[in-house]
Asks: 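Please see the structure below; I have some questions.
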Amino acid sequence: MAKRIVKEIDCPHCKEKVELQMWDSINVSLNPALKDKIKNGTIFDWTCPQCGKTTRIMYPFLYIDMIHTFMIWFGAPGQCNPELYQNMTLDGYQFRQARNFNELVEKAAIFENQLDDHVIELMKLSIVQALYKQTEGGTKAPLPAILVFRSKQEDGTMIFSALYQNAPGRLIRASETTYNTIRRDLENNPSVLKGLADGEGKFQQVNFDWAKKAMTLLAAQRQGH
Ligand SMILES: [Zn+2]
């Protein structure tokens with residue numbers, strides 16, 4: 001199911017033509033060791049046999065988790081080869097598109113914690129809005145450039161990491177109550193999810209842009225429009 005692909009590349013250090021091994025798909029349920037290497041990024045580290053230097057080279061692949069039933073396409077939208085999943089039973093699977101490494105790791109963490117990424121994206125948006133108010137639009141303190149879901153603790157607390165352009169990152173905590181409130185809000189307004197379903201591709205993009213649209217729709221419905 002996971003196929004190795006060998007590609008010839010020029011080493012960025014010594015410029016020698018050398019072979020690079022990649023995967024077209026990785027089933028982390030069958031290869032738990034590869035899952036750790038994806039999460040810490042080392043799966044993309046490649047050491048040149050000629051000069052011995054290590055380079056991080058990202059490439060597209062399909063991330064498959066059979067235990068939590070989701071797939072993430074880590075590559076250009078619409079470019080996932082259906083042959084990678086056509087022999088699988090796809091009942092109950094969620095399909096997502098990751099635009100970058102942070103999104104890939106984040107989506108995996110959300111689904112492994114059996115959470116709904118729509119709710120998480122709306123939580124992230126409300127955290128950013130609260131920070132915007134607190135910092136008066138970023139004038140009193142910097143605003144995070146990226147906010148990423150990391151984990152859910154045993155007491156239900158959700159941990160997010162805020163990454164800044166020119167400041168050290170920090171952890172932000174949010175309660176399970178907030179999560180449940182947003183989830184109920186979405187459940188009570190099913191047309192929001194339907195209205196924003198991406199009909200174009202199999203792999204949906206549920207991200208900050210999605211959350212902004214959803215928040216607008218939810219606000220309109222609350223006002224009875
Ligand atoms: Zn080299």
Asks: Any chance you could measure Phe101, atom CZ, to Ile38, atom CD1, to the nearest 0.5 Å?
Replies: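 Reported to 0.5 Å precision, the distance equals 8.5 Å.
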
Asks: Only counting residues at least two apart or in another chain, list the ones meeting salt bridge (charged side-chain N to carboxylate O under 4.0 Å, His left out) with Lys140.
Replies: Glu136

Asks: Does Val128 belong to the same Ile/Leu/Val/Met/Phe/Trp/Tyr cluster as Leu163, with side-chain heavy atoms less than 4.5 Å apart forming each link?
Replies: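 The answer is no; the residues belong to distinct hydrophobic clusters.
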
Asks: Do the non-hydrogen side-chain atoms of Leu20 and Val6 ever get within less than 4.5 Å of each other?
Replies: no

Asks: Are Val192 and Met215 linked, directly or through other ILVMFWY residues, by side chains that come within less than 4.5 angstrom of each other?
Replies: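 Looking at the clustering, Met215 is in the same group as Val192.
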
Asks: Indicate whether any N or O donor in one side chain lies under 3.5 Å from an N or O acceptor in the other, for Thr42 and Asn40.
Replies: yes

Asks: So among Phe203, Tyr85, Phe111, which one has a ring-ring contact (aromatic ring centres under 6.0 Å, His included) with Phe70?
Replies: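 In the set Phe203, Tyr85, Phe111, the residue that makes a ring-ring contact (aromatic ring centres under 6.0 Å, His included) with Phe70 is Phe111.
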
Asks: At their closest point, which heavy atom of Asp209 faces which heavy atom of Arg99, and how far apart are they?
Replies: OD2-NH1, 4.1 Å

Asks: Does a donor on one side chain and an acceptor on the other come within less than 3.5 Å for Arg4 and Gln21?
Replies: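 Per modelled atom types, Arg4 and Gln21 side chains form a pair under 3.5 Å.
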
Asks: Just to verify, which of Leu104, Ile43, Asp24 counts as forming a side-chain contact (heavy atoms from CB on, under 4.5 Å) with Phe61?
Replies: Leu104

Asks: Can you check whether Ile127 reaches Phe160 side chain to side chain, under 4.5 Å on heavy atoms?
Replies: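 Yes, their side chains come closer than 4.5 Å.
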
Asks: Among all residues two or more places apart in sequence or in another chain, which pass the salt bridge (charged side-chain N to carboxylate O under 4.0 Å, His left out) test with Asp10?
Replies: Lys17

Asks: To the nearest 0.5 Å, how far apart are CG in Leu218 and CG in Leu193?
Replies: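 It comes to 8.5 Å.
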
Asks: Below 4.5 Å, heavy atoms only, C-beta onward: do Met88 and Met66 meet side chain to side chain?
Replies: yes

Asks: Under a 4.5 Å cut-off applied to non-hydrogen side-chain atoms, are Trp46 and Thr54 in contact?
Replies: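 Sidechains of Thr54 and Trp46: no contact.
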
Asks: Taking ring pair (Phe, Tyr, Trp, His ring centres under 6.0 Å) as the test, write out the residues that go with Trp210, two or more places apart.
Replies: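 Here the qualifying residues are His118.
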
Asks: Would you call Glu112 and Lys35 a salt bridge, taking side-chain N to carboxylate O under 4.0 Å as the test?
Replies: yes

Asks: Determine whether Val119 and Leu115 satisfy the following criterion, side chain to side chain contact (heavy atoms under 4.5 Å, CB included), listing intermediate values before the conclusion.
Replies: CA-CA 8 Å; Val119 180; Leu115 296 169; over 6 Å; no

Asks: First locate atom CE of Met123, then atom CG of Asp117, and finally report the distance between them rounded to the nearest 0.5 Å.
Replies: 13.0 Å

Asks: Minimum heavy-atom separation for Ser25 to Ile64, with atom names?
Replies: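 Residues Ser25 and Ile64, closest heavy atoms: CB-CD1, 4.3 Å.
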
Asks: Mind checking the CG-CG spacing from Asn27 to Leu84? Nearest 0.5 Å is all I need.
Replies: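 So the gap between those two atoms works out to 11.5 Å.
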
Asks: Tell me if the CD atom of Glu8 is crowded by more than 12 foreign heavy atoms within 6.0 Å.
Replies: yes

Asks: Which pairs, with at least one residue in residues 41-70 and sequence neighbours excluded, count as a salt bridge (Lys or Arg N to Asp or Glu O under 4.0 Å)?
Replies: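 Pairs touching residues 41-70 that pass the test: Asp45-Arg56.
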
Asks: Minimum heavy-atom separation for Lys39 to Ala108, with atom names?
Replies: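 Heavy atoms only, the tightest pair is CE-CB, 4.3 Å.
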
Asks: Between Lys7 and Met22, does a side chain to side chain contact (heavy atoms under 4.5 Å, CB included) hold up when you go through it step by step?
Replies: CA-CA 8 Å; Lys7 209 176 183 179; Met22 308 184 298; 3.7 Å; yes

Asks: Using atom types as modelled and distance alone, determine if a side-chain donor or acceptor of Asp185 lies under 3.5 Å from a backbone N or O of Thr181.
Replies: no

Asks: With heavy-atom distances below 4.5 Å as the criterion, would you say the side chains of Tyr63 and Met71 are in contact?
Replies: no

Asks: To the nearest 0.5 Å, what is the distance between CG (Leu62) and CH2 (Trp23)?
Replies: 14.0 Å

Asks: Is it true that Glu187 and Arg183 have a side-chain N and a carboxylate O under 4.0 angstrom from each other?
Replies: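 Result for this pair is yes, salt bridge flagged.
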
Asks: Is the Phe44 ring parallel, tilted or perpendicular to the Phe74 ring (thresholds 30°, 60°)?
Replies: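 Rings of Phe44 and Phe74: tilted, 30 to 60°.
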
Asks: Check whether more than 12 heavy atoms from other residues, nucleotides or ligands sit under 6.0 Å from atom CD of Gln165, and answer yes or no.
Replies: no

Asks: Could you list the donor-acceptor pairs under 3.5 angstrom formed by side chains in residues 167-180, with sequence neighbours left out?
Replies:
{"residue": "Arg170", "atom": "NE", "partner": "Tyr164", "partner atom": "OH", "Å": "3.1"}
{"residue": "Ser175", "atom": "OG", "partner": "Thr177", "partner atom": "N", "Å": "3.4"}
{"residue": "Ser175", "atom": "OG", "partner": "Thr178", "partner atom": "N", "Å": "3.2"}
{"residue": "Ser175", "atom": "OG", "partner": "Thr178", "partner atom": "OG1", "Å": "3.0"}
{"residue": "Glu176", "atom": "OE2", "partner": "Lys152", "partner atom": "NZ", "Å": "3.1"}
{"residue": "Tyr179", "atom": "OH", "partner": "Asp116", "partner atom": "N", "Å": "2.7"}
{"residue": "Asn180", "atom": "ND2", "partner": "Glu176", "partner atom": "O", "Å": "3.4"}

Asks: Regarding Arg96 and Gln94, do their side chains bring together a donor and an acceptor under 3.5 Å, going by distance alone?
Replies: yes

Asks: Let me see the working for Leu186 and Asn188 under side chain to side chain contact (heavy atoms under 4.5 Å, CB included), right down to the final yes or no.
Replies: CA-CA 5 Å; Leu186 271 180; Asn188 292 336; over 6 Å; no

Asks: What's the separation between atom CD in Glu19 and atom SG in Cys11, rounded to the nearest 0.5 Å?
Replies: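 That separation rounds to 14.0 Å.
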
Asks: Check whether any side-chain heavy atom of Pro144 lies under 4.5 Å from a side-chain heavy atom of Leu131, and answer yes or no.
Replies: yes

Asks: Can you check whether Tyr59 reaches Ile5 side chain to side chain, under 4.5 Å on heavy atoms?
Replies: no

Asks: Can you name the residues that form a side chain to side chain donor-acceptor pair (under 3.5 Å) with Lys124, not counting sequence neighbours?
Replies: Glu106, Glu121

Asks: What are the two closest heavy atoms between Ser29 and Ile67, and how far apart are they?
Replies: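 Nearest heavy atoms, Ser29 then Ile67: OG-N, 3.3 Å.
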
Asks: Can you name the closest pair of heavy atoms from Ile72 and Ala98 and give their distance?
Replies: CG2-CB, 3.6 Å

Asks: Taking the side chain as C-beta and beyond, is there a heavy-atom pair between Met158 and Ile120 under 4.5 Å?
Replies: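 Yes - at least one pair of side-chain heavy atoms lies under 4.5 Å apart.
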
Asks: Go through the steps to decide whether Asp155 and Thr157 satisfy the test side chain to side chain donor-acceptor pair (under 3.5 Å), and finish with yes or no.
Replies: CA-CA 6 Å; Asp155 66 359; Thr157 307; 2.7 Å; yes

Asks: Which atoms form the tightest heavy-atom contact between Ile182 and Ser126, and what is the distance?
Replies: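 In this case the closest contact between Ile182 and Ser126 is CD1-OG, 4.3 Å.
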
Asks: Could you walk me through whether Ile146 and Ser161 pass the side chain to side chain contact (heavy atoms under 4.5 Å, CB included) test, one step at a time?
Replies: CA-CA 8 Å; Ile146 300 172; Ser161 299; over 6 Å; no

